[in-house]
Every structure is written in structure tokens, then in C-alpha cells.
Amino acid sequence: MREVNVTRAMGAAMRRIHVGNALSAFGLGFTVPYLYVYVAQVRGLGAMTAGLVLAVFAVAALIVLPFAGRAIVRRGPLPVLIAALVTAALGALGLGLAGNSTAVLLTAAALGAGQAVMQPALATMIVDCSTADTRSRAFATQFFLQNLGLGVGGLIGGHLVDATRVDSFTLLFSIEAAMFLLLVGLMATVRMPRSPRIGDAPASADRGSWKQLLGNRAMVQLSVLGFVLFFACYGQFESGLSAYGVEAAGISTSALGTALAANTLMIVVAQFAVLKFVERRRRSRVIAAVGLIWAVAWVVAGYAGLGHGSREMATAAFVSTYALFGLGEAMLSPTVAPLVADLAPTGMAGQYNSAFALVKQLALAVGPAVGGPMGASLHAPYVVTFLLFSLGITVLALRLGRRLTAVQDQPWLARSRSRVVARGGTSTGAVAAEA
């Protein structure tokens, strides 16, 4: 009976976490696409300040994430999430009211820091409220709701803003702040199941968590792989790849919007169909397959910009590139995040989630800086470079697979073992996995 109550409590907490993910993504989708226009044109602060604001987002994330992991481990993810939401709400509201460069940069730093900490805090809450049996589906649902929230938020935000009226942007940022505060109220009602903290973990877990993490060879390899994943895909979406599409393929801005919509639509449509496929596959081989799919995407992108076809064919190929990236993303969402959680020792999920989020932020900072200039002017080298990076993902994933234990790479083995033990039997596969 107690086990049933715990399961129900975990289910109730997970539902609130998923609503929270959707609300936070909706709030971000409201403002992120229009941030550059707001700072540079509406506030009249120029392209330089707008560029600095985008850089401040990345720098703030890189500064706070190492501390966020430790705080999550020590205090639990819920208090850290609430602090991040309040910080982000203050940053969003301040950004909507800021009229000079100093105020804009300071409030952008608060918003960026809050947003960055939300990711590992929410991911750790999902880990704490899920089991090995439900974790892949939980992270797939999170990714689905995040993309849906970003898409809907961006769509509604686009109809509310008016580049000739500052007050329309003030309204936009105020709504974003209200979303974060609404989420604070929602999260305050969550009753998290008790999960181990660093004080409950073995003594070795308390001696330098970062040193321990860096000593985990599988996690280091996964972090390197994660950097390449985010650098070669997410880091190119709104910089190198879009610049390449416009300059090399002659893609119109409306077609670029269609390509981004195709990416989101692919994720929304394919997410749970893909989940059924990947749940019974080795995680390392799923990631390796994503590398091959993205390699095909870069070949299609090469045809769009270098194939000398018609404008219609180039546009169709470019849209297909973004759709193929979306298919790969849908395969990664139930694979990579649960693997990070499974690599973490008892009580250290927050530290590992924060470290992986830090790797993601580094890739998202470096990716546009490298890809943007290449995509705009070095068309063929750009495509070849990122085609090779995609093939590198496949190689790195297969190497990672040799480092993982059988259960880490094939989590259904643990489920099968649990079911057999519950029936009082012995599983040949489970015994083989232990051998």
C-alpha cells in the first residue's frame, strides 16, 4: 500500500513538473525571438548592445551552472528551481522596463542566469519522480512540451509585438515574468518524494563532486559527445545554417520560418512514435544513428545551397534539412538525459545534470561564433565540416557504448530483471548482464 501511495505521489508531482516545463518554455518563446529587435531597434541601443545582450545570456549561464549543481545536490532541486524562477521573473520584468544599456545588460544577466538554472533543476526533479521504467518517456514528454510551448509562445508573441511601440514589448516581458511567477506558485504545491542528497550518499561522494564527476570516464565521454551534438545541430539553427540558407541557397525569410516550423512539427509529430522505437534499442546505437541521420541532413543542405537546382527544389531541400534534424532530436530526448541520470552516483543527479547543461551552454556559445561566419561565406567548407562532425557523433557514440555497463546502455535489462525477481525466478539475460 505504501508503494502504491509513493507511486501516486510521484505521478502527481510529475504532472506538475510537465506543466511547469510547458509554462517555462511558453514564457521563453514569448520573448527570445524578438530580443534582438527589442534592444537594437525598439530601445534604440544599437546592434552592438543587442549582441552583448545575447552574449550576456551565455556568460551568465556559464557562471551560475557550476554552483547550481552543487546547490541542487545540497538543497534539492525544488528550492533551487523556485529561486531561479524568481530571478528570471525579475530579469524579464526589468528587461521590459530597461531604457539604457546598463539596465538592459544587468536584467538580461538575471534572466539568463534564471533560465540556465531551470534546466538542470527541472531535469533533476524528473529523475527524482521517475523510475528506470518511466524515465525515457518522462524526458520525451518534457522535450515535446518544451517545443510545443516555445512554438505556441513565439506564435502568440509575434502577434502581440509592434516594433513601433515600446509598450507592446513591455507587455510581452511582463507576461513572461507572470509565467515564471505562476510557475513558482505551481511548483510550491509539488510534493517531491524523498530522494538521496549528498549528505545521504557514501562518504566518497562528499569529497569534491566535480573531481568525482571528472573521474567518471563514461560521463566525460558523454560530455564530449554532448558538446559535439549541441555544436553541430542546435548551435547552427539560428546562426550558421540560417546564414547558409539565405546566402548560398537563396532562401527567403518566410521559407526560413517554414523550415523552423518543420523542425518543431517533426518533433511534435514523431516524438512518441520514435519513443517506442528507441526504448528497446541500445542508447549508444540510437545516438550513433542520430549522427548518421544528421549527416544525411547536411548532405541535403549541401544540395540546397550548392546543387544549382531550382529555387523551389532548394527550398524543399532546406526545409527537409530542418525536419531531419527534428527527427534526430526526437530520438535523443528519451536517450541522452536519462543516460546522464543513470551515470550519476546516488544523490549526485543535480551535479551531473548541471555539468551537462554547462556543456550545452558552451556548445551553444561556440557554435554560432564558428558556424555563423562559415555559413555566410564559406559554403562548401561549412557543409563538409558539419557533415564530418555528424559522422563524428556516430564514432563517439559507439566508443561510449563500450564504456557503459549493460544496464546503462540497455535499461530494459533492469526492468526485465525486476519483473523476474518479483515473480521469484531467475533471468538468464540478467545473469549474463551481471557477468
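Predicted, not measured: the structure shown is a model, and the values here were computed from it.
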How many angstroms lie between [atom1] in [X] and [atom2] in [Y], if you round to the nearest 0.5 Å?
X	Y	atom1	atom2	result
Leu391	Leu292	CG	CG	7.0 Å
Leu23	Glu176	CG	CD	12.5 Å
Leu229	Glu329	CG	CD	10.5 Å
Asp409	Ser284	CG	OG	3.5 Å
Leu148	Thr264	CG	OG1	9.0 Å
Ile17	Leu78	CD1	CG	8.5 Å

Examine distances only and state if a side-chain atom of [X] and a backbone atom of [Y] form a donor-acceptor pair shorter than 3.5 Å.
X	Y	result
Ser136	Pro334	yes
Asn21	Leu122	no
Gln408	Thr405	yes
Glu247	Gly375	no
Thr321	Ala301	yes
Asn263	Tyr322	yes
Arg135	Ser130	yes
Gln146	Ala22	no
Tyr244	Gly305	yes
Gln271	Ala330	yes

Heavy-atom check, side chain of [X] versus side chain of [Y], under 4.5 Å:
X	Y	value
Thr315	Thr258	no
Leu404	Arg282	no
Val127	Phe139	yes
Gln236	Phe325	no
Met219	Val340	yes
Ile72	Asn353	no
Leu183	Phe26	no
Leu93	Phe173	no

Quickly, which of Ile287, Val290, Leu275 forms a side chain to side chain contact (heavy atoms under 4.5 Å, CB included) with Thr335? Name it, please.
Ile287

Other residues, nucleotides and ligands only: do more than 12 of their heavy atoms fall within 6.0 Å of CZ on Phe272?
yes

A quick test of your reading: do over 12 heavy atoms of other residues, nucleotides or ligands sit less than 6.0 Å from CZ of Arg281?
yes

Using 30° and 60° as the class boundaries, would you call the ring planes of Tyr234 and Phe230 parallel, tilted or perpendicular?
tilted

Ignoring hydrogens, what is the shortest heavy-atom contact between [X] and [Y]? Give both atom names and the distance.
X	Y	result
Ala317	Ala304	CB-CB, 3.8 Å
Ala262	Val319	CB-CG1, 3.7 Å
Ala60	Ala113	CB-N, 3.9 Å
Ser333	Ala140	OG-CA, 4.0 Å
Ala177	Ala89	CB-O, 3.4 Å
Ser354	Pro120	OG-CB, 3.4 Å

Check the pair Phe318, Leu241 against side chain to side chain contact (heavy atoms under 4.5 Å, CB included), reporting the backbone distance first and the verdict last.
CA-CA 9 Å; Phe318 194 73; Leu241 192 55; 4.2 Å; yes

Can you list the steps and then say if Met187 with Met125 is a side chain to side chain contact (heavy atoms under 4.5 Å, CB included)?
CA-CA 11 Å; Met187 290 295 104; Met125 290 174 73; 3.9 Å; yes

Ring centres of Phe356 and Tyr352 under 6.0 Å apart?
no

How about Tyr382 and Phe386: are their ring centroids closer than 6.0 Å?
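Yes, they do, as the ring centres are separated by less than 6.0 Å.
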
Steps toward side chain to side chain contact (heavy atoms under 4.5 Å, CB included) verdict (Met14, Ile126):
CA-CA 7 Å; Met14 184 67 79; Ile126 290 175; 4.1 Å; yes

CA sep, side-chain torsions, deciding dist, call: Thr385, Leu378, side chain to side chain contact (heavy atoms under 4.5 Å, CB included):
CA-CA 10 Å; Thr385 297; Leu378 303 172; over 6 Å; no

